[in-house]
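Since the structure comes first, as structure tokens, the remarks are kept for the end.
As the structure lists them, so they are numbered: ligands from 1, and atoms in each ligand from 1.
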Amino acid sequence: MIADIIDRAVNGRDVGVDDVQELMSISDPAEMEQLFSAAREVRDREFGRKIFTYGFVYFSTYCKNNCTFCYYRSSNHSIDRYRKSKEEIVQLAGGLKDAGINLADLTMGEDPRMYADDYRGLLDIISSVRDDVGISIMASPGALPREMFSKVRDAGADWYACYQETYNRQLFESLRLDQSFDDRRNQKTWAREAGLLAEDGMMIGLGEDVTDRAETILEMGRLGCEQVRAMTFVPQEGTPMQFVTPYDSTEELKAIAVMRILYPDKLIPCSLDVEGIAGLKTRIAAGANVITSIVPPNQNLAGVAQHELDIENGNRSVEHVYEMLEEMGYRHATSSEYVSFLDAHRPERVGGE
Ligand code: SAM
Ligand code: MD0
Ligand code: SF4
């Protein structure tokens, strides 16, 4: 029974893949509400009424990879790409900090120019944001060699984000062409060994089934990442998956709620990059506790899954997000609340300095 599985999960008792699969198979609206309300209760008990906020700084949209789902894949020749200067990035991160945003997510495609010379460009940007701005930093640069993680940590990053998308190896290989499944999984472990907090993520609507979803949720938990996300696939023009029929947000919302009851103290994003601002309330109501992909208007910045939606009209701006949170009876967390969370959850660095 659903109520029984929820009860066991909420009380920290053993929940297996069959149970997770059953929760992820819920279709009855009353059962769905049971799941969401349990997730809200767990979140509010752990975190109170505060929600963390992340600004998204997609600073280079150049990429050498060719992921079939991604707008920025190297074969998509017809798109406009940009690369921001270090000065612009520092300014953008400063603006986020001044507006009370908790973290700057410094994201790029696997841009060869940033990777050149032992990743000098990337490390330089991270350390400049640390030195000149002093906001918490997430680095989302793609897969890195193992020895890079302590350098990324030393440059000043708090987090390293790298999403597996699915723990179905075969499906992974059909999506992330010419990329190693094991190497991408190991990224999260290597990051944590270097003292970085780590984020993993799954995508929904890529051809996976409900068993894959359940297994991915459990595997992300086993890796120990402090932040875990689910995002619904948004088909992209000019890619091999452009005509795939997209899912609505139901499966993503269930995944958010299931992760919340299984992993009470993890950070779980409500991404504005899937449905824009229209997707905020449902994701918070499903148990998410971080709003990600806040993007200021008039800065020529793009999203990943929704490269334009709600950016230039200001709907993904800081002010608008704060307003909506208040309408729901929540508030954005202060940066000292956020930093305390990080300090309490930061993995210990292993093996030397
Ligand atoms: N290039 C780096 C990488 O791939 O790890 C950093 C970018 S990372 C933020 C891009 C993430 O956005 C992917 O891992 C995927 O989870 C998500 N994403 C990309 N394209 C998407 C799409 N069309 N729909 C939904 N999510 C997408
Ligand atoms: C988001 N567009 O939070 C961003 C991105 C990268 N670390 C995150 C997928 O939705
Ligand atoms: Fe490049 Fe990341 Fe897009 Fe893959 S998901 S093509 S690695 S930007």
>> Can you check which of Ser140, Ala143, Gly109 brings a heavy atom nearest to atom 8 (S) of ligand 3?
In response: Gly109

>> Checking a contact table here: which protein heavy atom is nearest atom 20 (N) of ligand 1, and how many Å away?
In response: Phe69 CD1, 3.5 Å

> Backbone N or O of Thr334 within a donor-acceptor pair of the Glu337 side chain at under 3.5 Å?
Replying inline: yes

> Of all the non-hydrogen atoms in the protein, which one sits nearest to atom 4 (Fe) of ligand 3, and at what distance?
Replying inline: Cys67 SG, 2.3 Å

> atom 13 (C) of ligand 1: which protein heavy atom is closest, and how many Å away?
Replying inline: Glu165 OE2, 3.2 Å

> Hey, what's the ring geometry for Tyr119 with Tyr115, parallel, tilted or perpendicular (30° and 60° as the breaks)?
Replying inline: tilted

> Counting each atom of ligand 1 from 1 as listed, which ones have a heavy atom of Arg176 under 4.0 Å away?
Replying inline: 3 (C), 4 (O), 13 (C), 14 (O)

>> Is the positively charged end of Arg185 above the ring of Tyr167, judged by distance under 6.0 angstrom from the centroid and angle within 45° of the axis?
In response: no

> Salt-bridged, Lys188 to Glu199, with N to O below 4.0 Å?
Replying inline: no

>> I'd like the name of whichever of Phe56, Tyr58, Trp159 reaches closest to atom 5 (C) of ligand 2 through any heavy atom.
In response: Phe56

> Regarding Glu252 and Thr232, is there a side-chain donor-to-acceptor distance under 3.5 Å anywhere?
Replying inline: yes

>> Minimum distance, heavy atoms only, to atom 3 (C) of ligand 1: which one of Met108, Arg184, Glu110 is it?
In response: Arg184

> Of all the atoms in ligand 2, which lie at a distance below 4.0 Å from a heavy atom belonging to Ser271?
Replying inline: 1 (C), 10 (O)

> Quick one: which of Val304, Thr292, Asp105, Val290 has a heavy atom closest to atom 8 (C) of ligand 2?
Replying inline: Asp105

> Do the ring centers of Tyr72 and Tyr58 come within less than 6.0 Å of each other?
Replying inline: yes

> For atom 5 (S) of ligand 3, which protein heavy atom lies nearest, and how many Å away is it?
Replying inline: Arg176 NH2, 3.5 Å

> Short list, please: which atoms of ligand 1 are under 4.0 Å from a heavy atom of Gly109?
Replying inline: 1 (N)

>> Would you say the rings of Tyr160 and Phe149 are close, in the sense that their centroids are separated by under 6.0 Å?
In response: yes

>> Can you check which of Leu106, Ile204, Thr292, Thr107 brings a heavy atom nearest to atom 7 (C) of ligand 1?
In response: Thr107

> Backbone, side chain, both or neither: what part of Tyr163 comes under 4.0 angstrom of ligand 2, heavy atoms only?
Replying inline: side chain

> With a 6.0 Å cut-off on ring centres, are Tyr338 and Tyr54 close enough?
Replying inline: yes

>> I'd like to check which ligand 2 atoms, numbered from 1 as shown, lie under 4.0 Å from a non-hydrogen atom of Asp273.
In response: 2 (N), 10 (O)

>> Check this for me, if you would: do Lys151 and Asp154 make a salt bridge, where the nitrogen-to-carboxylate-oxygen distance has to be below 4.0 angstrom?
In response: no

> Does a side-chain N-to-carboxylate-O contact under 4.0 Å join Glu165 and Arg176?
Replying inline: yes

> Hey, is atom 1 (Fe) of ligand 3 within less than 2.8 Å of some N/O/S atom on Cys63?
Replying inline: yes

> What's the shortest distance from atom 7 (S) of ligand 3 to any protein heavy atom, and which residue and atom give it?
Replying inline: Asn65 ND2, 3.5 Å

> Cation-pi between Lys84 and Tyr82: NZ/CZ under 6.0 Å from ring centre and within 45° of the ring axis?
Replying inline: yes

> Against heavy atoms of Phe69, which atoms of ligand 3 measure under 4.0 Å?
Replying inline: 5 (S)

> Ion pair present between Lys86 and Asp124, side-chain N to carboxylate O less than 4.0 angstrom?
Replying inline: yes

> Applying a strict 4.0 Å limit to heavy atoms, is Thr232 in contact with ligand 1?
Replying inline: yes

> Taking only heavy atoms of Val234, which atoms of ligand 1 are found under 4.0 Å from at least one of them?
Replying inline: 22 (C), 23 (N), 24 (N), 25 (C)

> Which atoms of ligand 1 have any heavy atom of Gly142 under 4.0 Å away?
Replying inline: 2 (C), 5 (O)

>> If you take the centroid of each ring, where Trp contributes its six-membered ring, are Phe172 and Phe181 closer together than 6.0 Å?
In response: yes

> What protein heavy atom is closest to atom 26 (N) of ligand 1, reported as residue, atom name and distance in Å?
Replying inline: Met203 SD, 3.4 Å

> What is the closest protein heavy atom to atom 1 (C) of ligand 2, and at what distance does it sit?
Replying inline: Arg229 NH1, 3.3 Å

> Has the side chain of Glu312 got a donor or acceptor atom that lies under 3.5 Å from a matching backbone atom of Asn298?
Replying inline: yes

> Is the closest basic N to carboxylate O distance between Asp209 and Arg213 below 4.0 Å?
Replying inline: no

> Any idea which part of Ser140 is under 4.0 Å from ligand 2, heavy-atom wise: side chain, backbone, both or neither?
Replying inline: side chain

> Is the closest heavy atom of Lys64 to ligand 3 under 4.0 Å?
Replying inline: no

>> So if I count the atoms of ligand 1 from 1 in the order they appear, which ones are less than 4.0 Å from some heavy atom of Met231?
In response: 26 (N)

> Can you tell me the protein heavy atom closest to atom 3 (Fe) of ligand 3 and the distance?
Replying inline: Cys70 SG, 2.4 Å

>> So does Ser75 get a backbone contact from the side chain of Asn66, meaning a donor-acceptor N/O pair under 3.5 Å?
In response: yes

> With a cut-off of 4.0 Å, which atoms of ligand 1 are near a heavy atom of Ser140?
Replying inline: 6 (C)

> Quick one: nearest non-hydrogen protein atom to atom 12 (O) of ligand 1, plus distance?
Replying inline: Val304 CG1, 3.4 Å

> Any N or O on Tyr163 sitting closer than 3.5 Å to an N or O of ligand 1?
Replying inline: no

> Salt-bridged, Glu226 to Arg346, with N to O below 4.0 Å?
Replying inline: no

